[in-house]
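Computed from a prediction, not measured in an experiment: that's the story for all the values here. Hydrogens, waters and symmetry mates are skipped; everything else that's a heavy atom, side chains included, is used.
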Amino acid sequence: MSRLSRPKSKPPISPPLIPFVVSVGVTGHRGDALGDRDLDPIRERLRSTLVAIEKTAAALLEGNSDCFAPGPPLMRLVSPLADGADQLAAEIALSMGWDLQAILPFARAPYRASLRDPAARKCFDQLVARSSSLLELPGDMKDPVAAYVMTGRGTIAHADLLIALWDGKPSRGPGGTADVVQQALSRGTGIVHVPVDRSAECRMLWSAFDPMVLTLGEQPTVTRPFNRAQLRSMLGAMLLPPGGEQEQKFLRTFRNEPLRNFQPRIEYPLLLAVTGVRGLRARDFDLKHCDEDVHAEWSRYRKGCLDANRVSAPIEFLEQTYAWADRLASNLGQTYRSGHIFNFVLGAVAVCMGLATLMAPEIQFQEAVVEMLITVAIIANSLVGSGRQWHRRWLDYRQLAERLRPMRSLELLGIAAPDLPGSATSPVPRRWMDWYAMAAWRAIGVPSAQLDSKGVTKLGRAIAKYEVRPQMDYHRRNAMQIQLLDQRLGRLGLGLFGATLLVSVITLIGFATNASYVSTYSGLFTLIQAGFPALGTAVFGIRFQGDFGGDAVRSLNTAATLEPLEKELRKGVDLQRAADVVQQCARIMLADLDEWRLVNQQRDLDL
């Protein structure tokens, strides 16, 4: 199958398995640049290159089949279908059983008319008919250079590896083969340079070959000979999960996460209810609402963005993967926060129980038993939470979910793409969720759409309405809620210490005046003077661990940073600008997430 199927009516009982997809883009000289030379040697070189990629992919999958969905590798070629290199590679790929996805710089009819000769146009028709997806970009025939730049960008956005049939000469201007090669190198896409001159050797270019510095130009440090070992190294780094045992273990944990419908840990919702932030709800116990909320939100998005703009893209797969990650993250986030509240509150209660013996010494044994049980409960809660890694799993799954969500809008624009994982100098996944997210992006492929300038304006406004604006609204609602919680906890803590101060003053006055109430209520006064500070400290601990004030500030900052980008999309922009803006929105949302993770990753559930 070349496209991902629509989800079945019943949700999967475990996180979706990622198909093993290898997406290869092609760029190269057109027919007039190739001239009347014999094309058979070029065809043979292109075929041997594709065969080497396919065999290497099969070997990688065979050695790592447990990380992917069952089945053979899904080999895909992304081609603009121009006469020359594009059509040659597409014909060979189809003959090998590959999937073909096409990105055209113009609408189909005028682009077809611009091709070199009747043979090229006939080949174009045949290739279009056999393409699993066809994206027609809103290029202007009066400005072909800009259209070719968009096409190169789109090809790179959907390719793990770029085959460049190229004479090796410097760029003659934007949109040419050398320019596309430079764009791919700058993004971190691997390149196989197939020289037009049959006497020259094929080679590989990749910025990650030199992970020390960011090499944007063609330098020996980013060049390797084209052979099976180098190809395996490149494809393995891009396509396989990170090789460390720890990341492999985390990935296995995610794949074996069970489907839970009931949430027994409700300490955090109870805290919200007790502080008057919001009431206790049935959905605080029932996890099914997560799937229902995700389905409703994605249905609105699909109707407003895809259906209304006649864009076809298999975002159902993204929805499945996002729904799982979001549900797991929501469950574990509530569990982790509840675990901290449990420890702090019961720790303070244990102190108060110990002090209560001063007031009721006759039940000292029973109070000791209760205090022991409380202590055991705190230790057990901490050991279970630490052992089951509530904290780490929550952070990982929330990061995965928020990497997947903006991909649907990047996909709709055709030429946009998420930033590659890792660093600018070494764009390979270092954490399992980075790999999983990029594998999901790779799996959905090129959308099918016929875009024109009016359609792009409408699409940009739809993304602003159904993607960016809801994120801004969420961050503002979240900021208001947790800021209110932080303020009320602060007042509660202040009230507890204030009560302690008041009782201390009353006690001192009693001692100074030899008042009888000091001895009469000495037990109660001791309980308040020692117990209330313990409770106040517990409140402070909950605030510190939750970092509610910091979260509120980050959420408000994210909403404010997204606002001008949302306005830019609403005013109407061209496709290049829309792609730039939506990519920047994705970066801002991920930057907020990375900062949130950095703040929270040292706050494990510990005694």
Side-chain angles (χ1 to χ4, degrees), residues 1-5 7-8 10-24 52-76 97-99 160-161 190 208 228-229 231-260 314 316-329 332 387-389 392-401 403-404 407 420-422 427-445:
M1 57 184 281
S2 59
R3 301 292 280 181
L4 297 172
S5 58
K8 296 179 181 180
K10 291 184 178 181
I13 60 174
S14 61
L17 294 173
I18 295 290
F20 188 87
V21 179
V22 183
S23 187
V24 179
I53 294 171
E54 184 175 47
K55 288 184 176 179
T56 302
L60 289 172
L61 177 58
E62 184 178 1
N64 299 272
S65 58
D66 59 328
C67 298
F68 298 92
L74 300 178
M75 307 301 298
R76 175 188 300 147
W98 286 34
D99 175 37
D160 306 304
L161 195 63
R228 190 64 61 84
L231 184 60
R232 184 184 180 93
S233 175
M234 176 190 284
L235 288 179
M238 291 189 292
L239 304 179
L240 299 182
E245 176 57 32
Q246 179 173 268
E247 292 300 318
Q248 293 280 339
K249 180 181 177 181
F250 293 165
L251 175 59
R252 289 192 297 271
T253 300
F254 173 68
R255 290 184 53 182
N256 293 320
E257 290 284 2
L259 183 68
R260 301 184 188 277
E316 295 86 0
F317 182 72
L318 278 182
E319 180 181 347
Q320 282 186 0
T321 54
Y322 171 81
W324 258 98
D326 179 69
R327 179 170 181 164
L328 292 172
L332 287 163
R388 300 192 65 183
Q389 298 183 316
R392 195 273 308 165
R393 287 159 64 204
W394 168 47
L395 297 178
D396 281 1
Y397 301 161
R398 178 50 60 201
Q399 284 220 318
L400 174 59
R403 274 163 169 70
L404 292 167
M407 287 183 180
L420 292 180
V428 296
R430 298 175 182 174
R431 297 181 298 176
W432 72 268
M433 61 274 196
D434 297 329
W435 163 80
Y436 191 96
M438 288 308 300
W441 169 258
R442 184 180 299 118
I444 60 178

Asker: What's the shortest heavy-atom distance between Ala437 and Leu404, and which atoms?
Answerer: CA-CD2, 4.0 Å
Asker: What distance separates Trp98 CH2 from Glu54 CD, expressed to the nearest 0.5 Å?
Answerer: 6.5 Å
Asker: Atom CZ of Phe254 and atom CE of Met433: how far apart are they, to the nearest 0.5 Å?
Answerer: 11.0 Å
Asker: Are the side chains of Leu231 and Leu161 in touch, meaning some heavy atoms are under 4.5 Å apart?
Answerer: yes
Asker: So which atom in Pro16 and which in Phe317 form the shortest heavy-atom distance, rounded to 0.1 Å?
Answerer: CB-CE1, 4.3 Å
Asker: Would you check if the side chain of Thr253 reaches a backbone N or O of Lys249 as a donor-acceptor pair within less than 3.5 Å?
Answerer: yes
Asker: Which atoms form the tightest heavy-atom contact between Ala439 and Ile18, and what is the distance?
Answerer: CB-CG2, 3.3 Å
Asker: Would Leu332 and Arg398 count as a side-chain contact (heavy atoms from CB on, under 4.5 Å) here? Give the steps.
Answerer: CA-CA 9 Å; Leu332 287 163; Arg398 178 50 60 201; over 6 Å; no
Asker: Can you name the closest pair of heavy atoms from Pro421 and Met438 and give their distance?
Answerer: CD-CG, 3.5 Å
Asker: Are any non-hydrogen side-chain atoms of Arg393 and Leu328 less than 4.5 angstrom apart?
Answerer: no
Asker: Looking at every non-hydrogen atom in both residues, tell me the closest pair between Ala401 and Asp326 and how far apart they are.
Answerer: CB-N, 3.9 Å
Asker: Considering residues at least two apart in sequence or located in another chain, which fulfil the side-chain contact (heavy atoms from CB on, under 4.5 Å) criterion with Leu61?
Answerer: Phe20, Phe68, Pro73
Asker: Under 3.5 Å, which donor-acceptor pairs do the side chains of residues 239-248 form with other protein atoms, sequence neighbours left out?
Answerer:
unit_1 : atom_1 : unit_2 : atom_2 : d
Glu245 : OE2    : Arg252 : NH2    : 3.0
Glu247 : OE1    : Trp432 : N      : 2.8
Gln248 : NE2    : Pro242 : O      : 2.9

Asker: When you measure from the side chain of Arg442 to the backbone N and O of Pro19, does any donor-acceptor pair fall under 3.5 Å?
Answerer: no
Asker: Are Asp396 and Arg392 within salt-bridge range, i.e. N to O under 4.0 Å?
Answerer: yes
Asker: Any idea which heavy atoms bring Ala57 and Met75 closest together, and the distance?
Answerer: CB-SD, 4.0 Å
Asker: Do Tyr322 and Met407 have side chains that get closer than 4.5 Å, going by heavy atoms?
Answerer: no
